[in-house]
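Accompanying notes for the structure given below.
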Number of protein chains: 2
Amino acid sequence: MPTPPKPLLQRQTVTAMVAEYIAAKIIGGDYPGGHQIRQEAIAAELGVSRIPVREALLQLEAEGLVVIRTHRGAVVSDLSADDAIDLFDARLLLEPFLVKKAIARLSNQDIANVERALRDYEAAIARGDPKELSRLNWAFHTALLEPSMRPRSMAVLQTLYSSADRYLRLQIEPLKAQTKALQEHRDIFEAYRLRDAVETSRLLKKHVADAAEEIVSQLKRGEAAG
Amino acid sequence: MPTPPKPLLQRQTVTAMVAEYIAAKIIGGDYPGGHQIRQEAIAAELGVSRIPVREALLQLEAEGLVVIRTHRGAVVSDLSADDAIDLFDARLLLEPFLVKKAIARLSNQDIANVERALRDYEAAIARGDPKELSRLNWAFHTALLEPSMRPRSMAVLQTLYSSADRYLRLQIEPLKAQTKALQEHRDIFEAYRLRDAVETSRLLKKHVADAAEEIVSQLKRGEAAG
DNA sequence: GGATGAAATATTGGATACGATCCTGCGACA
DNA sequence: TGTCGCAGGATCGTATCCAATATTTCATCC
């Protein structure tokens, strides 16, 4: 029985792989804000041509991770405190709204999904891998909002989140902040499970606002130190 | 005195020109929802290669105008009534919020800009070109929100708007709706000029909500008709 | 006659090659 | 000494060409 010549992973396009690769570097902090991304360097590093690299960069620009200027290439976008306020204010409007819509049409399956996301997050704290923790944190938020059936708004939130994600990592690292976030996640889930839209919305808003305040003050300290 | 060899327009890249070209076709209704966009056809039409066409399509996907599926090309994205509700709910959260922020830091120059946008819109009604009208309508909204200094949120709004824009055109065409929109714009501007944040926000919200209702009901009729 | 499957065709994805633009460093001139 | 202009190299933007995938066509079988 001849196996298929290539593994299933090959199903995705090179562009997508490159985009993932660069995004991971940025989110992981390997490419800090302001870092110049050379198309040829990435291409050589991955053994591909520059075309998929360019197209990956275009996608990342749409997600707000890089900024492209004509004939000057792509630089990793840097977040000012004002940018962070901008991004989080938008999240603070959208997330509470969507969670109410989600609760309005919540199935038991949805609740189970959120519970699983919560447990995954819990387990990751024990292991302590910050990148994984960041990913699972967002997975929890996504699970909360998914039942709202608002793909466009979810896409917007995705970009808002990924623009601030790598800065959130700084906040999420200290163990104290982690356990605080976990407790908040538990509280949110409890209200969510009971389908209490108002309370869930309130808790979620506070949860996001706390994170925002933490990041903004951190960025302001950084800018003052400059 | 030797003039520069090429006109100033050449300053932008081919990709940008192609993106503009396709976007205009979509917004203008020449490419209806669901229409397959062949890279080679566009390339031949404009006398360029397929590479800038592909990159233009990637940008348009980020703006929500087309959907790209691997090895199947790009199709003009079609809006369901649910999508429209999704998009407009997000706008209804963001625009009133941003206009309040804008008023909080309003300069006389900003007010003059809005007034000019309002007059341009007024003048376009007289001429009656629907594409131009659509563009100037959004220019007015943008001018209102610009002083908020929230570039990230503005970028989000831009994509939300351009996804629904061409359906708005249907609503904006009847003369009655046009004059209604104009009167609303005038009312909004009056409150804005007086720096009345609450009233401006209220009027703007209603203005957007009215447009949303019109479009959604129109889409629903279309879906029922199949 | 309709469904199934394989070859032919069309279309997209990616690699290589070339021209255009921008940045850097050196020298000329005020 | 400081500023300007001008090579030279580095990097990006686009065209051409090849490979991979999807769609269509057409013969075959039930």
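Reminder, nothing fancy here: chain letters follow the sequence lines and each chain counts from 1.
- Taking atom CD of B:Glu61 as the reference point, atom P of C:dG13 lies 10 Å away to the nearest angstrom.
- Spacing between atom CG of B:Leu58 and atom C1' of C:dG14 amounts to 13 Å, rounded to whole angstrom units.
- Remark: C1' of C:dT21 and NE2 of A:His71 are 5 Å apart, rounded to the nearest angstrom.
- Between the side chains of B:Asn137 and B:His185, a donor-acceptor pair is found at a separation under 3.5 Å.
- Side-chain N/O atoms of B:Thr70 include none lying less than 4.0 angstrom from OP1 or OP2 on D:dT21.
- Of the two residues near DNA chain C, A:Arg72 and B:Ile37, the one whose nearest nucleotide lies more 5' is B:Ile37.
- Here A:Ile103 contributes atom CD1 and A:Leu98 contributes atom CG; the two are 11.5 Å apart, rounded to the nearest 0.5 Å.
- At most 12 non-hydrogen atoms from other residues, nucleotides or ligands lie less than 6.0 angstrom from CD of B:Glu40.
- Taking every heavy atom of residues 43-54 of chain B and every atom of DNA chain C, pairs under 4.0 Å involve B:Arg50, B:Ile51, B:Arg54, by number.
- A:Glu40 has its CD atom 8 Å from the C1' atom of D:dT11, to the nearest Å.
- Taking atom CD1 on B:Ile42 and atom C1' on C:dT12, their separation rounds to 14 Å, with Å as the unit.
- Per the geometry, CZ belonging to A:Arg69 stands 11 Å off P belonging to C:dC22, to the nearest Å.
- Between the side chains of A:Asp83 and A:Ser80, at least one donor N or O lies within less than 3.5 Å of an accepting N or O.
- The local environment of CD in A:Gln158 is crowded, with over 12 non-hydrogen atoms from other residues, nucleotides or ligands closer than 6.0 Å.
- Of the candidates C:dT12, C:dG14, D:dT14, the closest approach to any side-chain atom of B:Thr13 belongs to D:dT14.
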Donor-acceptor list for residues 55-63 of chain A side chains, cut-off 3.5 Å, not counting sequence neighbours:
{"from": "A:Glu55", "atom 1": "OE2", "to": "B:Arg54", "atom 2": "NE", "distance (Å)": "3.3"}
{"from": "A:Glu55", "atom 1": "OE2", "to": "B:Arg54", "atom 2": "NH2", "distance (Å)": "3.1"}
{"from": "A:Glu61", "atom 1": "OE2", "to": "A:Ile68", "atom 2": "N", "distance (Å)": "3.2"}

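- Distance A:Gln39 CD to C:dC18 C1': 15 Å, rounded to the nearest Å.
- For the residue pair A:Asp165 / A:Ser162, no side-chain donor-acceptor distance below 3.5 Å is found, with atom types taken as modelled.
- Rounded to whole Å, atom C1' of C:dC22 lies 16 Å from atom CD1 of A:Ile68.
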